[in-house]
Every structure is written in C-alpha cells, then in structure tokens.
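I have a structure here, written as structure tokens, and I will follow up with some questions on it.
So you know, we letter chains A, B, ... as the sequences are listed, proteins then strands, and number each from 1. Keep in mind that what you see is a predicted model, and the values were worked out from it rather than measured.
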Number of protein chains: 2
Amino acid sequence: MQLVPIGIFHTCYKTKDEAPRQGRDSEDIAYIEVFEKYIDGLKDIEEAKYLIILYWAHEAKRDTLVTKTPFSDVPKGVFACRSPNRPNPILLDIAQLIDRKGNVLVVKGIDAIDSSPVLDIKPFYTEIDVPEEILSSCNKKEESGT
Amino acid sequence: MQLVPIGIFHTCYKTKDEAPRQGRDSEDIAYIEVFEKYIDGLKDIEEAKYLIILYWAHEAKRDTLVTKTPFSDVPKGVFACRSPNRPNPILLDIAQLIDRKGNVLVVKGIDAIDSSPVLDIKPFYTEIDVPEEILSSCNKKEESGT
C-alpha cells in the first residue's frame with residue numbers, strides 16, 4: 001500500500017513546537033497546493049464549507065505504540081489518542097475552506113507543519129461525519145428548550 | 001510513503017454491491033482484528049465511544065479524478081465527493097465502539113467490505129472533529145428554544 005502525495009501544505013509552522021496541538025486551536029491561514037496532475041479532482045470543491053484533510057506526518061515515529069498525552073501521566077495506546085506517532089502517521093484536520101485559487105486551497109483549522117505531504121481531501125458532511133447521538137442530543141436540547 | 005496494515009476488517013459485506021453507501025446507514029456489527037504486533041496500541045481504547053477508522057479501499061481505482069455521484073448527472077472531482085476511487089483510497093468511517101475482546105474491536109457504522117486492511121484507529125472527539133459552527137448552531141437552537 002503505497003501512497004502518492006497529491007499536494008503539499010504551506011503553513012507558518014516550521015517545526016512541531018510551532019504547530020498548535022489541534023488545528024481547531026488555530027486561526028492561521030494555511031495553503032494546500034494540489035499538484036497539477038491532480039487538479040481535476042478539485043472540480044466543484046467550492047461547494048464544500050468544511051473539508052477533511054488527510055496528511056502525512058513525515059516527522060512521526062512509526063514504532064511507538066504507547067505514549068504519554070498532555071492530559072495524564074498514564075501512557076495510552078496510540079490508537080486511543082491523537083498522537084502523530086503511530087504505525088501509519090496519517091493525520092486528519094477538519095478545515096474550513098476559505099477560498100480556492102486554481103490549484104491552491106486557502107484553509108483554516110490546520111496543525112500541519114510546513115511541507116507536510118497532503119494525501120487526500122474529502123468534503124465534510126455533518127450527516128455522515130457526526131455521530132447520530134451527538135446530533136440528536138442537539139435536537140433534544142432544541143425540543144426541550146433547555 | 002508506505003503503509004502497513006495494522007489489522008483487518010471482518011464484515012458481512014463480501015462485495016462492493018453488498019456494502020451500504022455510508023457506514024452510518026448500517027446497523028450491522030463489524031469486527032476489527034488488530035494484529036497482535038500492534039495490540040499495545042489499543043491500551044485504554046475502551047474509553048472511546050466513537051472511533052475514526054481509516055482503512056484501505058483495496059478494490060478502488062486510483063486513476064479516477066472525476067466521477068459521477070448518485071446525486072447528480074454532473075461529474076464531480078474526487079476530492080469534492082466521497083467516492084472510494086481516488087489517488088490514495090483511504091476511507092474513513094466514524095464507528096461506534098460496542099465492545100473490545102482482546103485484539104478484536106466490535107463496532108457499528110461500517111461500510112467496509114470484508115478483508116479491507118485497517119490503517120489507523122483514532123478516538124473521535126466532538127470538540128475537535130465537529131466544526132465549531134455546527135456545534136454553536138446547536139447551542140443557538142438550545143438558547144432560543146426554537
């Protein structure tokens with residue numbers, strides 16, 4: 001299973017230490033340069049307000065299976081936390097699509113360090129990407145007015 | 001960028017035609033067998049109610065850049081839709097974790113065909129995986145009682 005980079009991130013984070021813990025924490029603008037070879041894949045992407053971006057943590061350790069998180073002294077399994085260190089370091093940001101300029105997507109909500117390879121872009125759909133229970137808890141609050 | 005399978009799906013869908021369009025549409029139980037080599041990565045996974053599962057669409061076409069969706073006769077770019085056919089066919093399900101039995105996770109909400117290689121498992125966190133705007137629209141409904 002061999003991946004191909006479909007693009008590259010241009011961000012203001014040059015090192016891991018500069019990057020926010022989560023893309024959600026960032027108001028910085030980032031740019032996804034989609035390589036010309038794949039530009040047809042962007043057709044109609046402007047219809048999406050939010051995108052799921054999969055990218056490659058090219059500096060990650062791939063032999064880590066348990067790791068400490070910032071929230072506890074007790075180590076967790078890498079599949080039970082969001083550490084970038086994991087056997088397949090595919091990271092995921094839910095980004096806001098601000099603009100498209102040809103083969104460049106202008107996005108917000110990114111924690112990728114500069115030059116990270118981009119692997120995939122998918123439109124985010126609330127109805128399939130948010131568990132029904134979470135949506136219905138919103139609706140219940142709505143119904144009860146509490 | 002070479003991927004390693006960290007496990008394998010056992011599902012009741014033997015072919016693409018048998019699989020639901022989206023995992024969300026399914027009430028069927030599926031099983032993720034995590035290979036023994038990676039079992040330590042599961043430590044504390046029971047704390048998660050929902051998981052982001054990344055898996056490999058091993059039957060996908062990787063040279064498709066535009067494709068028709070079930071919703072329109074006008075083709076879309078693969079990065080603007082959720083087709084399994086894309087340059088890096090990494091698919092994503094938000095699954096409910098029902099149970100863990102050693103190295104096997106019992107899950108619901110899966111559209112993977114049987115024997116799909118599993119690439120990564122991450123806990124789903126509402127606060128980082130649901131755009132703030134969607135959460136706050138819930139809160140606004142709550143506040144207004146409408």
Side-chain angles (χ1 to χ4, degrees), chain A residues 1-6 22-24 34 38 40-45 47-50 52 54 56 58 62 65-66 74-82 86-88 90 92 94 96 109 117 119-135 137-139 141-142 145-146, chain B residues 1-6 22-24 34 38 40-45 47-52 54 56 58 62 65-66 74-82 86-88 90 92 94 96 109 117 119-135 137-138 141-142 145-146:
Chain A
M1 296 179 289
Q2 182 76 40
L3 296 168
V4 291
I6 60 122
Q22 298 295 340
R24 170 68 66 87
V34 173
Y38 299 105
D40 288 349
L42 294 175
K43 182 177 183 298
D44 292 335
I45 201 157
E47 293 173 8
K49 185 157 187 181
Y50 294 98
I52 300 171
L54 301 181
W56 189 250
H58 56 296
R62 301 187 65 176
L65 288 177
V66 290
V74 183
K76 278 200 172 192
V78 293
F79 303 133
C81 71
R82 297 292 279 260
R86 49 212 310 120
N88 294 306
I90 303 168
L92 177 155
I94 310 297
Q96 186 179 350
L119 303 174
D120 198 15
I121 301 167
K122 303 177 192 288
F124 176 94
Y125 295 128
T126 303
E127 59 273 24
I128 63 172
D129 296 314
V130 184
E132 182 61 35
E133 184 185 30
I134 292 166
L135 288 179
S137 77
C138 288
N139 293 337
K141 286 176 186 169
E142 180 188 356
T146 58
Chain B
M1 296 180 290
Q2 181 77 38
L3 296 167
V4 291
I6 60 120
Q22 299 294 340
R24 170 70 65 87
V34 173
Y38 299 105
D40 288 349
L42 293 175
K43 181 177 184 297
D44 293 335
I45 201 158
E47 293 173 7
K49 185 156 187 185
Y50 293 98
L51 299 171
I52 300 172
L54 301 181
W56 189 251
H58 56 296
R62 301 187 64 176
L65 288 177
V66 290
V74 183
K76 279 199 171 192
V78 292
F79 304 134
C81 72
R82 298 291 280 261
R86 50 213 309 121
N88 293 305
I90 303 168
L92 177 156
I94 310 295
Q96 185 178 351
L119 302 174
D120 198 15
I121 301 167
K122 304 176 192 287
F124 177 94
Y125 295 128
T126 303
E127 60 272 23
I128 63 172
D129 296 315
V130 184
E132 182 61 33
E133 184 184 31
I134 292 165
L135 288 179
S137 77
C138 288
K141 287 176 187 168
E142 180 187 357
T146 58

Review point. Side chains of Met1(B) and His58(A): does their closest heavy-atom pair fall under 4.5 Å?
Key: no
Review point. If you tally heavy-atom pairs under 4.5 Å against chain A, which of Leu51(B), Asp44(B), Val34(B) wins?
Key: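 The candidate making the most pairs under 4.5 Å is Asp44(B).
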Check your understanding: Is chain A contacted by the side chain of Gln96(B), its backbone, both, or neither, given a heavy-atom distance below 4.5 Å?
Key -> neither
Check your understanding: Which atoms of Leu54(A) come close to chain B, meaning under 4.5 Å heavy atom to heavy atom: side chain ones, backbone ones, both, or neither?
Key -> side chain
Practice item. Using modelled atom types only, decide if a donor and an acceptor are shared between the side chain of Lys43(A) and the backbone of Pro75(B) within a distance under 3.5 Å. Key: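 Side chain of Lys43(A) to backbone of Pro75(B): a pair is present.
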Review point. For Gln2(A), is it the side chain, the backbone, both, or neither that has a heavy atom closer than 4.5 Å to a heavy atom of chain B?
Key: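 Contact with chain B involves both backbone and side-chain atoms of Gln2(A).
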Review point. Non-hydrogen atoms of chain B under 4.5 Å away: do they reach the side chain of Ile94(A), the backbone, both or neither?
Key: side chain
Practice item. Keeping the roles fixed (side chain from Arg86(B), backbone from Val78(B)), state whether a donor-acceptor pair exists under 3.5 Å. Key: yes
Check your understanding: When heavy-atom pairs shorter than 4.5 Å are enumerated against chain A, which of Phe79(B), Tyr38(B), Tyr125(B) gives the highest number?
Key ->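 Top count of heavy-atom pairs under 4.5 Å with chain A: Phe79(B).
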Practice item. Identify which of Leu42(A), Val74(A), Ile128(A) forms the greatest number of heavy-atom pairs closer than 4.5 Å to chain B. Key: Ile128(A)
Check your understanding: Can you check side chain to side chain contact (heavy atoms under 4.5 Å, CB included) on Ile52(A) and Leu92(B), steps first, answer last?
Key -> CA-CA 10 Å; Ile52(A) 300 171; Leu92(B) 177 156; 4.0 Å; yes
**Study point:** Interchain contact, Tyr50(A) with chain B, by part (heavy-atom threshold 4.5 Å)
**Key:**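 Side chain of Tyr50(A) only, per the 4.5 Å heavy-atom cut-off to chain B.
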Exercise for review: Verify, without hydrogens or angle tests, whether Asp129(B) (side chain) and Phe124(B) (backbone) share a donor-acceptor contact under 3.5 angstrom.
Suggested key: no
Review point. Hey, which of Pro117(B), Pro5(B), Gly41(B) has the most heavy atom pairs under 4.5 Å with chain A?
Key: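 Going by pairs under 4.5 Å, I would pick Gly41(B).
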**Study point:** Exam field: side chain Arg82(A) to backbone Pro123(B), donor-acceptor pair closer than 3.5 Å
**Key:** yes
Study note, to complete from the structure: From the list Leu65(A), Leu3(A), Val66(A), the residue making the most non-hydrogen contacts under 4.5 Å with chain B is Leu3(A)
**Study point:** Reported CG-to-CH2 distance for the pair Asn88(A) and Trp56(A), which is rounded to 0.5 angstrom
**Key:** 5.5 Å
